[in-house]
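Have a look at the structure below before the remarks.
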Amino acid sequence: ACAQQVDDFVRVDIAGIGDDPDLFVFEEDVELVLMSFFRDRQVPTRLRSKPVFSVGRRRDGSRCRDAVYPPCGVVPFRGLAFLAAPFFFLFPTPDLCYFMFRDAFCSLFSRSQALTTRTTASTADDDSALGLAKLFEDLLVGSEPLLVAHLLDLGVEPLDIAFPWMLTSFAGYIEIDQLFHLWDRLIAYDSLELVAVLAVAVFV
């Protein structure tokens, strides 16, 4: 039942690719990659930042903290399909795309899925979801306080708009060539702080 729920969520997320003029041709391959990802038990050992903890249940229904579900240890989230799809522009086969996506997610993109700023010494605190949110708000308020005040008067929370951009490192929100320029810099600096900076730049 749990596996079916995860599969259903993945298929709903992948359906969004079908409406994208650049990515729709990869819809079936992305499904293959993500189905493999959520069943990969090597992922938890590779994650540099742990996403939300997944807890399983024993057969008697009691909670079991050493059981991880899905097996990859990553809770499905909206936009993961758009995070995986761009790799098909770089690698010709699903198996190559899978391993490159897995490595990129485990070493970099997983940081934005972690809710805590308590990370390893080699990972900046600002790479977590809360860290990126704080950095975005600090930069936006510091550079455009009148804009922030105006948006709040209108009942618009800037972070509500920008948070999905940062969680997926802008995958699905900007053109593919621009996305690769951004990701190239994220990899070079080994940091996701630039996604918060770009989110602020969109507003100003």
Side-chain angles (χ1 to χ4, degrees), residues 3-40 42-43 46-49 51-52 70-114 127 129 132 136 159-203:
Q4 185 62 48
Q5 290 176 354
V6 172
D7 291 352
D8 289 345
F9 187 95
V10 169
R11 291 189 180 99
V12 170
D13 191 39
I14 291 173
I17 292 181
D19 299 325
D20 189 289
D22 295 319
L23 303 177
F24 75 94
V25 295
F26 304 128
E27 187 172 351
E28 292 182 1
D29 290 331
V30 171
E31 180 176 353
L32 178 61
V33 165
L34 292 186
M35 293 299 181
S36 301
F37 179 77
F38 282 107
R39 289 163 171 77
D40 191 341
Q42 293 187 27
V43 171
R46 295 172 177 268
L47 290 171
R48 285 182 57 180
S49 295
V52 179
C72 68
V74 178
V75 176
F77 61 92
R78 183 177 181 182
L80 184 61
F82 283 94
L83 199 59
F87 286 88
F88 284 92
F89 285 101
L90 304 175
F91 304 98
T93 60
D95 57 332
L96 287 176
C97 285
Y98 174 73
F99 288 113
M100 293 307 299
F101 165 72
R102 185 184 70 176
D103 288 348
F105 183 87
C106 291
S107 63
L108 185 65
F109 298 127
S110 63
R111 302 178 198 174
S112 66
Q113 307 304 315
D127 283 325
L132 290 174
F136 167 78
L159 185 59
D160 289 346
I161 299 173
F163 202 60
W165 305 343
M166 296 187 291
L167 285 182
T168 60
S169 296
F170 279 89
Y173 294 101
I174 58 179
E175 297 295 330
I176 292 297
D177 59 334
Q178 298 171 351
L179 184 69
F180 284 147
H181 283 300
L182 171 63
W183 285 8
D184 182 59
R185 285 155 179 79
L186 298 182
I187 294 170
Y189 289 103
D190 192 24
S191 171
L192 294 179
E193 290 184 9
L194 281 177
V195 299
V197 175
L198 179 56
V200 171
V202 172
F203 278 87

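Heads up: numbering here begins at 1 and tracks the sequence.
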When you compare the side chain of Met100 with that of Leu90, does any pair of heavy atoms fall below 4.5 Å? no
Do you know the tightest heavy-atom contact between Pro70 and Phe38? CB-O, 3.7 Å
Passes side-chain contact (heavy atoms from CB on, under 4.5 Å), Leu167 versus Phe77? Steps please. CA-CA 9 Å; Leu167 285 182; Phe77 61 92; 5.6 Å; no
For the pair Val12 and Asp8, evaluate side-chain contact (heavy atoms from CB on, under 4.5 Å) and give the outcome as yes or no after the intermediate values. CA-CA 6 Å; Val12 170; Asp8 289 345; 5.6 Å; no
Before giving the answer on side-chain contact (heavy atoms from CB on, under 4.5 Å), spell out for Val195 and Ser112 the whole-Å C-alpha distance, their side-chain angles and the decisive distance to 0.1 Å. CA-CA 10 Å; Val195 299; Ser112 66; over 6 Å; no
How long is the span from the CZ atom in Arg46 to the CG atom in Asp103, to the nearest 0.5 Å? 5.5 Å
Pair Ser110, Val74 - check side-chain contact (heavy atoms from CB on, under 4.5 Å), show working. CA-CA 9 Å; Ser110 63; Val74 178; over 6 Å; no
Phe37 and Phe105: aromatic ring centres closer than 6.0 Å? yes
So, taking the atom named CG in Asp7 and the one named CD1 in Ile14, what distance separates them when rounded to the nearest 0.5 Å? 9.5 Å
What distance do Tyr173 atom OH and Leu182 atom CG have between them, rounded to the nearest 0.5 Å? 14.0 Å
Looking only at heavy atoms, the pair that brings Leu192 and Leu108 closest together is CD1-O, 3.6 Å
Considering the options Asp40, Leu32, Leu34, which one meets the side chain to side chain contact (heavy atoms under 4.5 Å, CB included) requirement together with Tyr98? Asp40
Nearest heavy-atom neighbours spanning Ala85 and Phe26: O-CD1, 4.2 Å
Smallest heavy-atom separation, Val30 atom then Ala81 atom, equals CG1-O, 3.9 Å
Does atom CZ of Phe89 have more than 12 heavy-atom neighbours from other groups under 6.0 Å away? yes
When Phe101, Phe109, Phe170 are each screened for ring-ring contact (aromatic ring centres under 6.0 Å, His included) with Trp183, the one that passes is Phe109
Please test Arg185 against Asp190 for salt bridge (Lys or Arg N to Asp or Glu O under 4.0 Å), starting from the C-alpha separation and ending with a verdict. CA-CA 8 Å; Arg185 285 155 179 79; Asp190 192 24; over 6 Å; no
Identify the heavy atoms of Gly79 and Asp13 that sit nearest to each other, and give their distance. N-OD1, 2.9 Å
What pairs meet the side chain to side chain donor-acceptor pair (under 3.5 Å) rule with one or both residues in residues 18-38, with sequence neighbours excluded? Arg11-Glu31
Pairs touching residues 162-172 that satisfy side chain to side chain donor-acceptor pair (under 3.5 Å), sequence neighbours left out: none
What about the rings of Phe180 and Phe87, do their centers lie closer together than 6.0 Å? no
Locate the shortest heavy-atom distance separating Ala199 from Ala162; write the atom from each residue and the value. CB-CB, 4.1 Å
Rounded at 0.5 Å granularity, tell me how far CG in Leu198 sits from NE2 in His181. 13.0 Å
Indicate yes or no for a side-chain donor-acceptor contact from Asp127 to the backbone of Arg111 under 3.5 Å, with no hydrogens or angles considered. no
Just how far is it from atom CD1 of Ile174 to atom CG of Leu179, taken to the nearest 0.5 Å? 5.0 Å
